[in-house]
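Step one of this worksheet: look at the structure below.
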Amino acid sequence: MIDLPKDTCDDVFEGEISRSSVIKTRYEFENGTIKEKFFIALSRSPENNPLVFVVTTSNPEFFDKHPEFNRDIIRITAGSLDYFPLDTIIDCRSVLKIPRDTLKNNFHSNDLKFCGNLPSDLISKIESIIKYSRHIARKDKKLILGKY
């Protein structure tokens, strides 16, 4: 647990979270599985609630077996970014919306770490994938892309 008053902790969180932030946090998926994962913040507006993210994985087997999804992912070579020590895939087939309060609570209890910011060229690639994606709802695209 971070030993700061909640308001101070929330202010630190708000000062750190932005479009392109890479965070590592615990997350409970719809199937009930709880995993620690890396997420990339994509919300167009810093005031959005919930915030919009794409998830990453260091387990490429699914994508190796299903090359039809290659246009929906970005592969990152191990170590090319400090926070991804393993070969990593940014999965742009879907977005996750996570309430700010959930993220703040995770941060306050040391279950959320800010890792850095994804380089702008990779954010541009993600935006391009999302723009043409058949998997992402139009309303979610607007949260990420604004008008397109």
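Keep in mind that the numbers below use all heavy atoms, side chains included, and drop hydrogens, waters and symmetry copies.
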Task: Close side-chain approach of Ile17 and Phe114, heavy atoms under 4.5 Å - done: yes
Task: Nearest-0.5 Å distance that lies between atom CG in Leu96 and atom CG in Leu51 - done: 12.0 Å
Open item on the list: On a heavy-atom basis, which atom in Cys9 and which in His108 lie closest, and how many Å separate them?
Closed with: SG-ND1, 3.3 Å
TODO: Using the side chain to side chain contact (heavy atoms under 4.5 Å, CB included) rule, pick out the option among Ile123, Val54, Val95 that qualifies with Ile144.
DONE: Val95
Task: salt bridge (charged side-chain N to carboxylate O under 4.0 Å, His left out) between Lys97 and Asp140, intermediate numbers included - done: CA-CA 9 Å; Lys97 296 178 207 167; Asp140 293 337; 2.6 Å; yes
Task: Heavy-atom donor-acceptor pair, Ser133 side chain to Ile129 backbone, under 3.5 Å - done: no
Open item on the list: If I take atom CD from residue Glu127 and atom OG from residue Ser120, how far apart are they, to the nearest 0.5 angstrom?
Closed with: 10.0 Å
- [ ] Assess the side chains of Thr33 and Asn31: does a donor N or O sit below 3.5 Å from an acceptor N or O?
- [x] yes
TODO: Could you tell me which non-hydrogen atom of Pro99 sits nearest to which non-hydrogen atom of Pro50, and how far apart they are?
DONE: N-CB, 3.6 Å
Open item on the list: With rounding to the nearest 0.5 angstrom, report the NE2 to CZ distance, His66 to Arg93.
Closed with: 9.0 Å
- [ ] Walk me through it: do Ile23 and Asn106 pass the test side chain to side chain contact (heavy atoms under 4.5 Å, CB included)?
- [x] CA-CA 11 Å; Ile23 64 169; Asn106 284 2; over 6 Å; no
Open item on the list: Quick check for you: to the nearest 0.5 Å, what is the distance between Ile136 atom CD1 and Lys141 atom NZ?
Closed with: 7.0 Å
TODO: Apply salt bridge (charged side-chain N to carboxylate O under 4.0 Å, His left out) to Asp121 and Lys125, showing your working.
DONE: CA-CA 6 Å; Asp121 63 318; Lys125 286 182 184 180; 5.2 Å; no
Task: Atom pair CZ (Arg75) and CG (Asp64), whose distance is rounded to the nearest 0.5 Å - done: 5.0 Å
Task: Any donor-acceptor N/O pair, Lys35 side chain to Phe29 backbone, under 3.5 Å - done: no
Task: Asp87 (side chain) donor-acceptor with Ala78 (main chain) under 3.5 angstrom - done: yes
Open item on the list: As an exercise, state the distance from CG of Asn117 to OH of Tyr83, rounded to the nearest 0.5 Å.
Closed with: 7.0 Å
Task: Check: Thr56 side chain, Phe38 main-chain N or O, donor-acceptor pair, under 3.5 Å - done: yes
Task: Verdict with supporting geometry, Arg44 and Arg19, side chain to side chain contact (heavy atoms under 4.5 Å, CB included) - done: CA-CA 7 Å; Arg44 179 59 101 204; Arg19 184 175 177 82; 3.5 Å; yes
Open item on the list: Which Ile, Leu, Val, Met, Phe, Trp or Tyr residues join Phe69 in one cluster when any pair of side-chain heavy atoms under 4.5 Å counts as a link?
Closed with: Phe62, Phe63, Ile73, Ile89
Open item on the list: Can a donor-acceptor pair be found, under 3.5 Å and without considering hydrogens, that links the side chain of Ser109 to the backbone of Asn105?
Closed with: yes
TODO: Identify the two heavy atoms, one from Thr57 and one from Asn59, that lie closest to each other, and give their separation to 0.1 Å.
DONE: OG1-N, 3.1 Å
- [ ] Test side chain to side chain contact (heavy atoms under 4.5 Å, CB included) on Asp72 and Arg134 and set out the steps.
- [x] CA-CA 10 Å; Asp72 300 308; Arg134 296 179 189 161; over 6 Å; no
Task: Parallel, tilted or perpendicular: ring planes of Phe13 versus Phe107, cut at 30 and 60 degrees - done: tilted
Open item on the list: Set out, in order, the CA-CA distance, both residues' side-chain angles and the distance that settles side chain to side chain contact (heavy atoms under 4.5 Å, CB included) for Leu81 and Leu122, then state yes or no.
Closed with: CA-CA 11 Å; Leu81 296 169; Leu122 292 177; 4.0 Å; yes
TODO: Indicate yes or no for a side-chain donor-acceptor contact from Ser21 to the backbone of Glu16 under 3.5 Å, with no hydrogens or angles considered.
DONE: yes
Open item on the list: Using a 3.5 Å distance criterion without hydrogens, assess whether the side chain of Asp111 forms a donor-acceptor pair with backbone atoms of Arg26.
Closed with: no
